[in-house]
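Just so you know, these numbers use all the heavy atoms, side chains as well, and skip hydrogens, waters and symmetry mates. Position 1 is the first residue of the sequence; numbering continues from there.
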Amino acid sequence: MGKVYGGRVEFIKRGVMSVDIREQYCVSDGKNIFGKLYIPDTKAKKYPTVILSHGFNSIGDDMADIALTFAENGFLAYTFDYCGGSTRSHSDGKTTEMSIISEQNDTLKLL
């Protein structure tokens, strides 16, 4: 994994459990991969984790409700924008440079 940085975005409580949402960037091979980490408000030291990847011309925020639902149920959830995956993406890259191989590489960089 490349360098990771980010900051707190918001703290939400819409159900039984509160969720802390943080912007989380990964820098790898000179590219910024933008994402959001949804952290359940528990005292757990380890969480089951799910990484949500979007479809064509979408972004991670399109899956915010799904990520919130996972976090409210005790999962650590992460959404992200593929590099060049959308004209609305906060990650680096152009849509003309995105391919199934670049999406695979972006996902592997997050692990």
Side-chain angles (χ1 to χ4, degrees):
M1 178 189 281
K3 180 180 175 185
V4 176
Y5 61 95
R8 186 173 185 172
V9 177
E10 57 189 306
F11 195 74
I12 293 178
K13 182 169 182 165
R14 64 174 196 180
V16 177
M17 188 182 304
S18 298
V19 177
D20 190 15
I21 303 170
R22 298 181 183 201
E23 288 184 353
Q24 195 81 41
Y25 287 84
C26 174
V27 180
S28 187
D29 297 331
K31 289 186 178 180
N32 290 314
I33 300 173
F34 172 80
K36 288 186 180 174
L37 191 60
Y38 295 75
I39 307 164
D41 187 26
T42 69
K43 304 295 182 210
K45 294 185 188 228
K46 292 184 179 182
Y47 300 98
T49 303
V50 61
I51 299 173
L52 301 164
S53 60
H54 62 79
F56 177 71
N57 206 28
S58 295
I59 58 174
D61 281 346
D62 294 341
M63 296 177 297
D65 283 342
I66 298 168
L68 275 171
T69 300
F70 271 115
E72 289 169 338
N73 287 281
F75 285 78
L76 186 70
Y78 186 71
T79 63
F80 68 99
D81 298 354
Y82 282 113
C83 291
S86 171
T87 56
R88 300 179 293 137
S89 178
H90 298 289
S91 295
D92 291 343
K94 298 177 184 177
T95 56
T96 55
E97 300 169 342
M98 191 271 302
S99 70
I100 192 71
I101 300 300
S102 68
E103 287 180 331
Q104 179 182 15
N105 290 337
D106 287 352
T107 305
L108 290 172
K109 289 173 190 173
L110 300 174
L111 305 176

Legend entry - Cys83 side, atom SG; Lys94 side, atom NZ - distance, nearest 0.5 Å: 13.5 Å
Inset, instruction - Can you sort out the partners of Tyr78 under ring-ring contact (aromatic ring centres under 6.0 Å, His included), two or more places apart, ordered by chain and number? - result: none
Legend entry - Asp106 side, atom CG; Lys31 side, atom NZ - distance, nearest 0.5 Å: 6.5 Å
Inset, instruction - For Ser91 and Ser89, work out which heavy atoms get closest and say how close. - result: N-OG, 3.0 Å
Inset, instruction - Looking only at non-hydrogen atoms, find the nearest pair between Gly74 and Pro48 and report the distance. - result: O-CD, 3.7 Å
Legend entry - Separation between CZ of Phe80 and CD1 of Ile51, rounded to the nearest 0.5 Å: 7.0 Å
Inset, instruction - Keeping the roles fixed (side chain from Asp81, backbone from His90), state whether a donor-acceptor pair exists under 3.5 Å. - result: yes
Inset, instruction - Write down the atom of Ile21, the atom of Leu68, and the distance for their closest heavy-atom approach. - result: CD1-CD2, 4.2 Å
Report, one line per pair, each donor and acceptor closer than 3.5 Å where one atom sits in a side chain of residues 52-61; sequence neighbours left out.
from: His54; atom 1: ND1; to: Ser58; atom 2: O; distance (Å): 3.1
from: His54; atom 1: NE2; to: Ser58; atom 2: O; distance (Å): 3.4
from: His54; atom 1: NE2; to: Tyr82; atom 2: N; distance (Å): 3.0
from: Asn57; atom 1: OD1; to: Ser86; atom 2: OG; distance (Å): 3.2
from: Asn57; atom 1: OD1; to: Thr87; atom 2: N; distance (Å): 3.4
from: Asp61; atom 1: OD1; to: Lys36; atom 2: NZ; distance (Å): 3.2

Inset, instruction - Could you tell me which residues satisfy side chain to side chain donor-acceptor pair (under 3.5 Å) with Asp62, sequence neighbours excluded, listed by chain and number? - result: Arg88
Inset, instruction - Could you grab the distance from atom SG of Cys26 to atom CG of Leu111, nearest 0.5 Å is fine? - result: 9.5 Å
Legend entry - Student check: side-chain heavy atoms of Ile101 and Gln104 closer than 4.5 Å: yes
Inset, instruction - Please check if Ile100 and Met98 belong to a single hydrophobic cluster, counting links between Ile, Leu, Val, Met, Phe, Trp and Tyr side chain heavy atoms closer than 4.5 Å. - result: no
Inset, instruction - Hey, could you give me the CG/OG1 distance between Leu37 and Thr49, rounded to the nearest 0.5 Å? - result: 8.5 Å
Legend entry - Asn32 backbone acceptor or donor facing Asp92 side chain under 3.5 Å: yes
